[in-house]
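We're numbering straight along the sequence, starting at 1.
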Amino acid sequence: MGSATASEVQPPPAPGLKVATFAGGCFWCMEPPFDSTPGVVATISGYTGGTVANATYEQVSAGTTGHAEAVQVVYDPAKVTYPQLLYVYWRNVDPLTKDRQFCDSGTQYRTAIFVHDDEQKKAAEASRADVQKKFGSNQVVTQIADAGPFYRAEEYHQDYYKKNAIAYRFYRFNCGRDARLKQLWGDEAGGGTEH
């Protein structure tokens, strides 16, 4: 599937913009909810949290690099806040399942919030505590970790849901993502920033 060209480190955003990094299983499925969030300028699919520089999709999907499939969200903080992005994130993942999201299993599909500064860390920890309250005795396993190098995935993965809409919808449905999100989050499943 695609070329084995190594990925490159994603450059920093333009002045005035900020970055948030989230792992929520298949990165194809994490781009749409953020792309439809007002104030988000771009979403980039990639790999982070591991030890192999410039890893390829083949390496990451084999589960040997330590990386998670993730999205880097470039946003305008004057139009959308980091806590609002966290709200979108949680409602698009299953935070109760370790090293798996829906039909995809392995550490590369873990849920994680990669924080870029202390402000993001505090907000992420507060939001995880709120989510834990919602699920009571069911343990939230989503990790919060310092952001490290983010390697941009191969070009065919970027905006996959737009470029390959039919294949994407088939994958998403067969993976059971929306059914599980509805079970976990009810009417808030896949929700935008309104809260």
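- Expressed to the nearest 0.5 Å, how far CG of L17 lies from CG of D76 amounts to 6.0 Å.
- Checked by atom type and distance alone, the side chain of Q132 pairs as donor or acceptor with a backbone atom of V140 at under 3.5 Å.
- With sequence neighbours left out, the salt bridge (Lys or Arg N to Asp or Glu O under 4.0 Å) criterion links D159 to no other residue.
- In this structure Y151 satisfies the ring pair (Phe, Tyr, Trp, His ring centres under 6.0 Å) test together with H67, sequence neighbours excluded.
- The 12-atom threshold is not exceeded at NZ of K79, counting heavy atoms of other residues, nucleotides or ligands nearer than 6.0 Å.
- For F173, the ring pair (Phe, Tyr, Trp, His ring centres under 6.0 Å) criterion is met by no residue, not counting sequence neighbours.
- By the disulfide bond (SG atoms under 2.5 Å apart) test, C175 pairs with C103, sequence neighbours left out.
- Side-chain contact annotation: S127 with D130, donor-acceptor N/O pair under 3.5 Å absent.
- Aromatic rings from Y89 and F34 are positioned such that their centres are separated by 6.0 Å or more.
- Annotation: K134, atom NZ; neighbour count of heavy atoms from other residues, nucleotides and ligands within 6.0 Å is above 12.
- Residue pairs meeting the salt bridge (charged side-chain N to carboxylate O under 4.0 Å, His left out) criterion with at least one member in residues 95-111, sequence neighbours excluded, do not occur.
- By the ring pair (Phe, Tyr, Trp, His ring centres under 6.0 Å) test, Y171 pairs with W28, sequence neighbours left out.
- If you take OH on Y168 and SG on C29, they are separated by 4.0 Å, rounding to the nearest 0.5 Å.
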Steps toward side-chain contact (heavy atoms from CB on, under 4.5 Å) verdict (L96, V141)
CA-CA 6 Å; L96 307 178; V141 296; 5.9 Å; no
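- In the hydrophobic cluster analysis, where Ile, Leu, Val, Met, Phe, Trp and Tyr join through side-chain heavy atoms closer than 4.5 angstrom, F150 is grouped apart from V115.
- Hydrophobic clustering (ILVMFWY, side-chain heavy atoms < 4.5 Å, transitive): M30 and L181 are in one cluster.
- Sparse packing is recorded around CD of E119, with 12 or fewer heavy atoms of other residues, nucleotides or ligands lying under 6.0 Å away.
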Is there a side-chain contact (heavy atoms from CB on, under 4.5 Å) between V71 and T21? Walk through the geometry before answering.
CA-CA 6 Å; V71 289; T21 305; over 6 Å; no
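- Put simply, the side chain of Q143 does not reach to within 4.5 Å of the side chain of T111, judged on heavy atoms.
- A heavy-atom distance below 4.5 Å is found between the side chains of P95 and W185.
- Between F114 and Q72, the closest side-chain pair of non-hydrogen atoms is not below 4.5 Å.
- No continuous path of ILVMFWY side-chain contacts below 4.5 Å connects V19 to Y47, so the two sit in separate hydrophobic clusters.
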Kindly determine whether Y160 and E31 satisfy side-chain contact (heavy atoms from CB on, under 4.5 Å), including the steps that lead there.
CA-CA 9 Å; Y160 185 88; E31 285 190 352; 5.9 Å; no
Step-by-step side-chain contact (heavy atoms from CB on, under 4.5 Å) determination, W90 to I113:
CA-CA 10 Å; W90 288 115; I113 300 167; 3.6 Å; yes
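- Between the side chain of T37 and the backbone N or O of V40, no donor-acceptor pair lies under 3.5 Å.
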